[in-house]
Amino acid sequence: MKGGLSGLRNQHVSLLLIALVCATVVVWTWEKTPILTSISPPQSHVLQLFPGPPDGEIIDKQDLEVQTSSNQLEVPVNSTNTSSSVRKEENENPMTLLTKEQVISTNVTEVSNIKQVSEQKNSSKQAEKDLVTSRSFASIDSSVKGEYSDNLTTHVEKQACNYGKGKWVMDDSRPLYSGFGCKQWLSSMWACHLTQRNDFEYEKLRWRPKDCEMEDFTGAKFLRRMQDKTLAFIGDSLGRQQFQSLMCMITGGEERADVLDVGKEYGLAKARGAVRPDGWAYWFPTTNTTILYYWSASLCDLEPLNMTNPDTDFAMHLDRPPAFLRRFLHKFDVLILNTGHHWNRGKLKANRWVMYVGGVPNSNRKIADIAGAKNFTIHSIVSWVNSQLPKYPGLKAFYRSISPRHFFNGDWNTGGTCDNTTPLSDGKEVLHDESSDPLTAEAVKGTHVKLLDITALSQLRDEGHISRYSIKATPGVQDCLHWCLPGVPDTWNEIVFAQL
Ligand SMILES: *[C@@H]1O[C@H](CO)[C@@H](O)[C@H](O)[C@H]1NC(C)=O
Ligand SMILES: *[C@@H]1O[C@H](CO)[C@@H](O)[C@H](O)[C@H]1NC(C)=O
Ligand SMILES: *[C@@H]1O[C@H](CO)[C@@H](O)[C@H](O)[C@H]1NC(C)=O
Ligand SMILES: *[C@@H]1O[C@H](CO)[C@@H](O)[C@H](O)[C@H]1NC(C)=O
Ligand SMILES: *[C@@H]1O[C@H](CO)[C@@H](O)[C@H](O)[C@H]1NC(C)=O
Ligand SMILES: *[C@@H]1O[C@H](CO)[C@@H](O)[C@H](O)[C@H]1NC(C)=O
Ligand SMILES: *[C@@H]1O[C@H](CO)[C@@H](O)[C@H](O)[C@H]1NC(C)=O
Ligand SMILES: *[C@@H]1O[C@H](CO)[C@@H](O)[C@H](O)[C@H]1NC(C)=O
């Protein structure tokens with residue numbers, strides 16, 4: 001009996017020892033991996049993610065869509081003519097519209113982006129304080145980032161579950177909602193069942209992480225976990241896709257008359273003359289849960305340089321988070337940020353965005369370069385959010401890595417295509433630990449902002465884009481940037497859910 005007990009104890013001790021050794025290895029690997037990533041040469045799959053020059057113009061239907069009626073029917077405009085599509089984009093850009101319609105208007109009760117900016121400028125003490133904080137990040141103070149870097153529990157937890165590593169499998173329980181449904185939230189331009197597409201094999205794929213169990217998503221479980229909470233997406237049209245996907249996943253694509261539009265509480269009412277509001281917010285009364293999306297393509301603050309001039313340029317404050325984020329961060333329990341595809345000369349020029357750093361026009365040549373500006377902005381916003389986390393200990397902040405484009409044999413405006421309809425023809429597994437978006441991985445490293453690393457797993461899904469099946473298909477132009485819904489962004493949300 002005695003011997004048996006001590007034998008058991010010995011067994012326990014060995015198990016403990018093994019666990020300790022494993023943990024040490026795991027911690028060590030975690031510490032080393034980012035370094036390895038930064039010194040190892042870029043792999044070919046990484047290069048493929050960013051075809052063309054970094055300054056290459058990238059289509060974004062978010063800017064090109066026209067809202068033809070209030071029931072969210074949105075169709076892409078004819079974008080074969082580049083110069084006319086750029087002009088269209090200017091006209092439909094909410095910021096530009098607001099400049100023209102709102103700035104001159106004397107009706108101060110109307111909420112607009114511009115007004116938010118000026119409010120922030122005129123501003124409460126808190127906003128001023130936030131501004132000072134964000135300004136002080138002009139030089140990306142690494143001491144803030146380093147604050148928690150020796151917290152081993154956090155690292156082990158992260159390493160134990162790399163959701164980005166794993167494989168795609170066929171699963172009849174997918175998709176989580178019907179592509180014919182969810183009309184309440186899903187833009188018809190992204191609902192591929194409403195287009196001419198007739199292969200839907202891709203909807204049956206499910207992501208299985210290698211290192212961790214991913215709990216089955218159900219709307220009920222999600223809402224229960226989000227009781228009395230608010231989840232915010234802030235980013236470009238790919239962020240908006242993730243937002244619509246989540247709304248459909250929660251409701252199973254069913255009509256929900258009880259869900260309230262609470263956009264007004266966040267200043268997201270559609271301004272007069274605008275094509276659409278700058279975002280949407282919905283409240284689920286059963287669990288007091290709010291899900292919202294705010295459109296900020298560049299994840300930095302935009303400020304008109306001349307309030308009285310309808311054709312004004314905008315200061316694009318690379319080191320200052322969007323006014324919306326500064327204003328409402330205290331209300332968020334989960335935050336999911338992204339940017340990426342708007343960082344090119346064409347878009348900056350069309351939107352009349354002028355780079356500012358430290359409140360003055362940028363003079364740093366390293367930042368003036370588009371890739372440099374993007375990197376600087378991502379580092380700035382991640383640092384800023386990280387600096388706010390001690391104030392909001394309940395806040396879970398994610399930065400989503402870049403969503404890959406799949407233009408083959410050309411770019412979006414030179415006949416690039418993504419015609420393949422056979423899922424996983426380029427492999428089904430992600431086996432490497434390091435992110436395929438090293439820039440973003442580097443930005444969140446050492447912070448408490450979590451990396452939502454969807455790049456490599458989405459890279460395997462070239463068949464999942466809108467492709468040539470847009471509602472008003474334009475010969476020769478394919479959308480190999482946005483995804484069919486249901487589709488790949490559903491997986492991004494499953495990975496978020498697993499971490500709530
Ligand atoms: C799109 O624009 C091009 C060039 O302006 C024109 O030739 C073409 O007919 C247009 N297509 C549609 C569907 O409007
Ligand atoms: C594109 O649009 C511009 C402006 O409307 C026009 O001047 C130009 O001729 C058009 N190009 C083509 C190829 O249609
Ligand atoms: C100002 O806008 C608000 C909200 O849209 C509206 O209720 C009000 O009538 C407007 N006032 C004027 C003077 O246009
Ligand atoms: C700025 O705020 C002050 C104090 O709240 C207010 O009196 C003033 O009218 C505001 N100015 C503008 C331009 O909104
Ligand atoms: C480490 O991180 C965990 C989880 O985020 C937190 O609860 C704990 O307080 C941290 N410990 C230190 C020493 O920062
Ligand atoms: C709903 O949630 C918010 C926090 O998001 C909380 O302040 C509020 O009290 C909750 N309302 C109810 C009725 O519980
Ligand atoms: C702002 O724009 C107005 C109208 O175009 C112009 O009259 C004014 O001189 C501009 N102000 C500045 C400071 O550039
Ligand atoms: C990105 O920006 C950070 C912070 O400014 C800097 O340390 C890093 O070297 C930059 N990376 C690249 C690839 O430019």
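Residue indices begin at 1 and follow the sequence shown. Numbering of ligands and ligand atoms starts at 1, following listing order. Just so you know, these numbers use all the heavy atoms, side chains as well, and skip hydrogens, waters and symmetry mates.
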Which residue and atom name correspond to the protein heavy atom nearest [atom], and how close is it?
atom	result
atom 1 (C) of ligand 7	N306 ND2, 1.4 Å
atom 3 (C) of ligand 6	N288 ND2, 3.6 Å
atom 5 (O) of ligand 7	N309 CG, 3.6 Å

Aromatic plane relationship, [Y] with [X] - under 30° parallel, 30 to 60° tilted, over 60° perpendicular:
X	Y	answer
F243	Y282	parallel
H342	W295	perpendicular
Y293	W280	parallel
F324	F328	tilted

*Against heavy atoms of D228, which atoms of ligand 6 measure under 4.0 Å?*
1 (C), 2 (O), 4 (C), 5 (O), 10 (C), 14 (O)
*What atoms in ligand 8 come closer than 4.0 Å to a heavy atom of H379?*
1 (C), 2 (O), 3 (C), 4 (C)
*For atom 7 (O) of ligand 6, is the nearest protein heavy atom under 4.0 Å away?*
no
*asked:* Would you say atom 13 (C) of ligand 7 makes contact with the protein, given that contact here means a non-hydrogen protein atom less than 4.0 Å away?
replied: no
_Side-chain (N362) to main-chain (V357) donor-acceptor, under 3.5 angstrom_ = no
*asked:* Show the atoms of ligand 7 that are less than 4.0 angstrom away from any heavy atom in T308.
replied: 1 (C), 2 (O), 3 (C)
_Could you check whether K229 makes a cation-pi contact with F332, meaning its NZ or CZ is under 6.0 Å from the centre of the six-membered ring and within 45° of the ring axis?_
no
*asked:* Any salt bridge linking R225 with E215? Criterion: basic side-chain nitrogen under 4.0 Å from a carboxylate oxygen.
replied: yes
*Hey, is D301 close enough to R326 for a salt bridge, meaning N to O under 4.0 Å?*
yes
*Of T377, N375, D319, which has the heavy atom at the shortest distance from atom 11 (N) of ligand 8?*
N375
*Compute the shortest N/O to N/O distance between T230 and ligand 6 and return yes if it is under 3.5 Å, no if not.*
no
_D333 versus ligand 6: do any nitrogen or oxygen atoms come within less than 3.5 Å of each other?_
no
